Number of protein chains: 2
Amino acid sequence: MQNQLCCQQCHFSQLCLPYSFELKEIEKLDDIIVRKNPYHRRQRLFEAGQPLHSLYAVRSGSFKSFILSEDGQEQITAFHLPGDVIGFDAIHNKTHPSFAEALETSMVCELPYSSLDELGEMFPKLRQQLSRTMSGMLCQNQEALMVLNKYTANERLSHFLASLGHRFGDRGFSPTSFRLSMTRSEIGNYLGLSIETVSRILTQLQKDGKISVEGKLINLLVPTLAD
Amino acid sequence: MQNQLCCQQCHFSQLCLPYSFELKEIEKLDDIIVRKNPYHRRQRLFEAGQPLHSLYAVRSGSFKSFILSEDGQEQITAFHLPGDVIGFDAIHNKTHPSFAEALETSMVCELPYSSLDELGEMFPKLRQQLSRTMSGMLCQNQEALMVLNKYTANERLSHFLASLGHRFGDRGFSPTSFRLSMTRSEIGNYLGLSIETVSRILTQLQKDGKISVEGKLINLLVPTLAD
DNA sequence: CGTGCGGTTGAAGTTTATCAAGGATGGTGG
DNA sequence: CCACCATCCTTGATAAACTTCAACCGCACG
């Protein structure tokens, strides 16, 4: 295993599972992690219906999670950046209810769930971190509910961009200048808006001087968005 | 402690934490549980900002969870029926991000989080059950996202009623005939609809012969709703 | 060099919110 | 026991936000 791939060396470990771990614990975690080859755009980590085998921590790139309705419509439920762990929703039935798909060329660390479970037996901190992470996802979902129910299209998109910027900032990237790895269609799907509305509001925000848009490149120009 | 209040005797234990526990484990869980006096309509289990002290299992009655936006708007994030456990969202920051409020006279079992944590040390099944429950809540939230993003007002309300009926059925009540413990306004808040739309669609569904409505009493009349 | 996908923009249409008014219900105090 | 008040609910008319339909541009890729 190459050194640069260890959790200790990983840029995002403080956002990921090893948060607040001792060295010995990190080494144990490193032992169970399977570093995978890169995933390319549209390649899937898993599909709905597959048995839970592993959770996946994003190392680089980005993913979307989505579920399908009975009539086959896609509903994107989250975008995942480096440090995020994907697949917690599968613990309930030991089966993935959702799909996870790469938005661009991306790397992941595979965390076999059975190993994680065993390791949790020994390390209370790992258990706590897993609980904390899942609880945090519940909080995010509550926020998302509010955004969809109470915000206008303009507010939803502004909030989405600000939130993305914030997440990039947490990861050591610029919080105000970034590239969208998802299409307009995927943003609209996630926010409950038509692709046309997303496009229109992006140009509107640009005309208002609040952002600059160049295709997938976004610049947040006002503090209300960059906070 | 009265016998009728033990987990073994509780009608809803198979939906609640003791799911799949051994007798010995249930007894231990019983030891840490604090049975509280009834809560009355509008009384709160906890408020946003309060430190996490306990989780709460609903014994009877019902509760709503909600968060407040920056400008003080309420967003209901869940309705809780007997057997549901409330407060998982507080684990992340050891602080409640949400409020929990009784919709009617209700009983709860208080589960001090520190005791639950200690007990989890000894009983892997308890840990697994906690994980399973939180994971299940993530799945529900994903479903809710789809409902809000893809369904019309009519579909949202139909889905809401069917889902409630299903949940009542799981608890041994009639899945087709029940009393709403929440107001029209609370339903609208949860589903992202105005109170007028909720009212209109309820009468519409009644005219279509799909449900009967008598104030808070609902009857689901067609299999598409009662499934 | 075409073809498909992603994106933008305009015009028309639909759904749902908002505004407004009135009716029903339930709890409280005289 | 009844009158009163607040809250909840219903219904109609109007208005707004967003979707849908349609046309077009640009670019990447086979």
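In what follows, every chain begins at residue 1, and chains take the letters A, B, ... in the order their sequences are listed. For the numbers below, each heavy atom of this structure counts, side chains included, while hydrogens, waters and symmetry mates do not. Note that the structure is predicted; figures quoted are calculated from it, not measured.
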Separation of C:dT8 atom P from A:Glu214 atom CD, nearest Å, is 12 Å
Which nucleotide wins on minimum distance to the side chain of B:Arg42, given the candidates C:dT16, D:dC18, D:dT7? D:dT7
Counting the atoms with a prime plus P, OP1 and OP2 as sugar-phosphate, which does A:Leu202 contact under 4.0 Å by heavy atoms, base, sugar-phosphate, or nothing? nothing
For B:Ser106 versus B:Ser62, what's the shortest heavy-atom pair and its separation? OG-N, 3.0 Å
Reckon B:Lys216 has a side-chain N or O less than 4.0 Å from the OP1 or OP2 of C:dT25? no
NA contact type, A:Thr197, heavy-atom cut-off 4.0 Å: base, sugar-phosphate, or nothing? base
Side chains of B:Asp89 and A:Gln142: donor-acceptor distance under 3.5 Å anywhere? yes
Distance-only, no hydrogens or angles: does the B:Gln73 side chain make a donor-acceptor pair with backbone N or O of B:Leu68 under 3.5 Å? no
Side chain of A:Ser199: nearest nucleotide among D:dT10, C:dG6, C:dT9? C:dT9
Rounded to the nearest Å, what distance is computed from the CD atom of residue A:Gln204 to the C1' atom of nucleotide C:dT8? 14 Å
Tell me: CG of B:Leu193 to P of C:dT18, nearest whole Å? 11 Å
By the 4.0 Å heavy-atom rule, please label B:Gly192 as base, sugar-phosphate, or nothing. sugar-phosphate
Atom CD1 of B:Ile201 and atom P of D:dC9 are separated, to the nearest Å, by 15 Å
Per the atom types in the model, does the base of C:dG7 pair as donor or acceptor with the side chain of A:Arg200 at under 3.5 Å? no
Find the distance B:Glu104:CD to C:dG26:C1' and express it as a whole number of Å. 16 Å
Examine the base of D:dC9 for any acceptor or donor lying under 3.5 Å from a partner atom in the side chain of B:Glu196, and report the outcome as yes or no. no
Are B:Tyr190 and B:Phe79 an aromatic pair, judged by ring center distance below 6.0 Å? yes
Separation of A:Arg41 atom CZ from C:dC5 atom C1', in whole Å? 11 Å
So does A:Asn154 get a backbone contact from the side chain of A:Ser158, meaning a donor-acceptor N/O pair under 3.5 Å? yes
Among D:dT19, C:dT9, C:dT8, which nucleotide sits nearest the side chain of A:Thr203? C:dT9
Measure from the side-chain heavy atoms of B:Arg184 and tell me the nearest of C:dG7, D:dT10, D:dC8. D:dT10
Rounding to a whole Å, what distance do you find between A:Glu186:CD and C:dG7:P? 9 Å
Integer-rounded Å distance: C:dA24 P and B:Leu217 CG: 19 Å
Classify A:Thr183 by what it touches in the nucleic acid, base, sugar-phosphate, or nothing, heavy-atom distance under 4.0 Å. sugar-phosphate
